Participant: 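Here it is: the structure, laid out below.
Everything numeric here is computed off the predicted structure, so don't read it as measured data.
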Amino acid sequence: QVQMVESGGDLVQAGGSLRLSCTASGLRFDEYDMKWWRQAPGKDREGVACLNRRGTWSNARTSVKGRFTISKDSAKNMLYLQMNNLKPEDTAVYYCAADRPKFADTCSYSTTQFDDWGQGTQVTVSN
């Protein structure tokens with residue numbers, strides 16, 4: 001059984017930084033494309049960033065490119081999301097997800113078949 005645990009969310013002022021972490025049981029991060037998703041109040045869940053299985057290629061939605069960086073430590077089975085220059089529109093509950101790779105060198109941040117969602121971690125950015 002897969003269990004994802006996200007942490008690191010907090011209340012920060014606009015322009016601030018946070019680093020989110022994710023660990024999991026029942027799943028090895030070096031076997032999957034890893035992803036961060038988020039869900040803002042009243043909105044659908046949306047993909048934020050992805051990192052391919054080998055950790056050599058990443059992609060992110062346009063609104064966070066240049067501000068968010070996804071990374072992982074496969075030895076520790078940890079996934080991270082470094083978020084800089086946070087904006088109020090980044091306010092959401094953030095979740096990590098894992099997908100079997102479809103391609104060797106790329107990943108898709110906007111799609112997922114993952115359905116073992118954790119509790120997520122709340123990020124709130126104030127003006």
Side-chain angles (χ1 to χ4, degrees):
Q1 183 178 358
V2 174
Q3 185 175 10
M4 311 294 273
V5 179
E6 301 90 353
S7 62
D10 206 345
L11 169 63
V12 296
Q13 289 189 331
S17 297
L18 284 174
R19 189 174 85 150
L20 306 184
S21 299
C22 168
T23 189
S25 58
L27 184 152
R28 286 182 50 175
F29 287 5
D30 60 357
E31 296 178 350
Y32 292 83
D33 291 341
M34 297 304 300
K35 306 179 182 184
W36 283 100
W37 282 64
R38 68 186 181 187
Q39 187 166 21
K43 296 188 176 181
D44 292 336
R45 194 173 293 175
E46 64 181 17
V48 176
C50 71
L51 181 65
N52 71 346
R53 181 184 64 84
R54 294 189 291 178
T56 57
W57 193 88
S58 65
N59 199 6
R61 65 185 307 107
T62 300
S63 62
V64 308
K65 279 186 176 179
R67 300 189 297 121
F68 290 11
T69 302
I70 185 172
S71 63
K72 69 178 178 179
D73 185 334
S74 293
K76 296 180 178 179
N77 218 41
M78 294 291 295
L79 178 71
Y80 305 103
L81 185 68
Q82 178 66 43
M83 305 188 296
N84 299 327
N85 190 22
L86 282 159
K87 302 178 180 181
E89 51 264 41
D90 296 319
T91 294
V93 178
Y94 284 72
Y95 304 88
C96 54
D99 282 294
R100 290 289 187 183
K102 288 186 176 180
F103 306 103
D105 297 319
T106 63
C107 57
S108 169
Y109 68 84
S110 61
T111 61
T112 185
Q113 301 299 316
F114 189 75
D115 60 3
D116 290 313
W117 300 97
Q119 294 297 309
T121 186
Q122 176 71 50
V123 173
T124 304
V125 185
S126 64
N127 284 312

Participant: Are more than 12 heavy atoms, taken from residues, nucleotides or ligands other than Gln82, located less than 6.0 Å from that residue's CD atom?
Facilitator: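 Yes - once you tally the heavy atoms of other residues, nucleotides and ligands closer than 6.0 Å, there are more than 12.
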Participant: Run the numbers on Met4 and Tyr95 for side chain to side chain contact (heavy atoms under 4.5 Å, CB included), then give the verdict.
Facilitator: CA-CA 8 Å; Met4 311 294 273; Tyr95 304 88; over 6 Å; no
Participant: Answer yes or no: does atom CD of Gln3 have more than 12 heavy-atom neighbours from other residues, nucleotides or ligands under 6.0 Å?
Facilitator: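 No - once you tally the heavy atoms of other residues, nucleotides and ligands closer than 6.0 Å, there are 12 at most.
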Participant: Same hydrophobic cluster for Val64 and Tyr109, using side-chain heavy-atom links shorter than 4.5 Å among ILVMFWY?
Facilitator: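 Shared cluster, no.
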Participant: Does Glu6 reach the main-chain N or O of Cys96 with its side chain, forming a donor-acceptor pair under 3.5 Å?
Facilitator: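 Here the side-chain-to-backbone pair exists.
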Participant: Determine the minimum heavy-atom distance between Thr121 and Gly9, stating which atoms define it.
Facilitator: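 Smallest heavy-atom distance, with atoms named: OG1-N, 2.8 Å.
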Participant: Write out all pairs satisfying ring-ring contact (aromatic ring centres under 6.0 Å, His included) with one or both partners inside residues 50-82, taking only residues at least two apart or from two chains.
Facilitator: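 As it turns out, there is no ring-ring contact (aromatic ring centres under 6.0 Å, His included) pair with a partner in residues 50-82 once direct neighbours are skipped.
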Participant: Looking only at heavy atoms, which two atoms of Arg38 and Ser63 are closest? And how far apart?
Facilitator: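 Between these two residues, the closest heavy atoms are NH2-OG, 3.8 Å.
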Participant: Quick one: pull up CZ in Arg28 and CZ in Arg53 and give me the separation to the nearest 0.5 Å.
Facilitator: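 Reported value, rounded in 0.5 Å steps: 10.0 Å.
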Participant: Rounded to the nearest 0.5 Å, what separates atom CG in Asp33 from atom CG in Asn59?
Facilitator: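 Rounded to the nearest 0.5 Å, the CG-CG separation comes to 11.5 Å.
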Participant: Would you indicate whether Lys102, at its atom NZ, is surrounded by more than 12 heavy atoms from other residues, nucleotides or ligands within a distance under 6.0 Å?
Facilitator: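 Counting other residues, nucleotides and ligands, NZ of Lys102 stays at 12 neighbours or fewer.
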Participant: Can a donor-acceptor pair be found, under 3.5 Å and without considering hydrogens, that links the side chain of Thr91 to the backbone of Val125?
Facilitator: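 Present.
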Participant: Distance-only criterion, 3.5 Å: show the donor-acceptor pairs between side-chain atoms of residues 10-27 and protein atoms not counting sequence neighbours.
Facilitator:
from: Ser17; atom 1: OG; to: Asn84; atom 2: OD1; distance (Å): 3.0
from: Thr23; atom 1: OG1; to: Asn77; atom 2: O; distance (Å): 3.2

Participant: Which pair of heavy atoms, one from Met83 and one from Val123, lies closest together, and at what distance?
Facilitator: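 Distance-wise, the nearest heavy atoms are CE-CG2, 3.8 Å.
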Participant: For Ser108 and Thr111, work out which heavy atoms get closest and say how close.
Facilitator: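 That closest heavy-atom pairing would be OG-OG1, 3.0 Å.
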Participant: Within this structure, what is the CG-CH2 distance for the pair Asp44 and Trp37, rounded to the nearest 0.5 Å?
Facilitator: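 Asp44 atom CG to Trp37 atom CH2 measures 10.0 Å (nearest 0.5 Å).
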Participant: In Å and rounded to the nearest 0.5 Å, what is the OG to CE distance from Ser71 to Met78?
Facilitator: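 Here the rounded value is 10.0 Å.
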Participant: Nearest 0.5 Å, what's the CG-OG1 distance between Asp90 and Thr124?
Facilitator: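 Answer rounded to 0.5 Å: 11.0 Å.
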Participant: Is there a continuous path of hydrophobic side-chain contacts, each under 4.5 Å between heavy atoms, that joins Val2 to Trp36?
Facilitator: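 Yes, Val2 connects to Trp36 through the hydrophobic network.
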Participant: Restricting to non-hydrogen atoms, name the atom on Met34 and the atom on Ala98 that form the minimum distance, rounded to 0.1 Å.
Facilitator: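 Heavy-atom minimum between the residues: SD-CB, 3.6 Å.
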Participant: Under 4.5 Å between any side-chain heavy atoms of Arg100 and Glu31, yes or no?
Facilitator: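 SC-SC contact between Arg100 and Glu31 confirmed.
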Participant: About how many Å separate CG of Leu51 and CZ of Phe29, when rounded to the nearest 0.5 Å?
Facilitator: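 Going from the CZ atom of Phe29 to the CG atom of Leu51 covers 11.0 Å.
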Participant: How close do Phe114 and Thr112 get, counting heavy atoms only, and between which atoms?
Facilitator: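 Heavy atoms of Phe114 and Thr112 come nearest at N-OG1, 3.0 Å.
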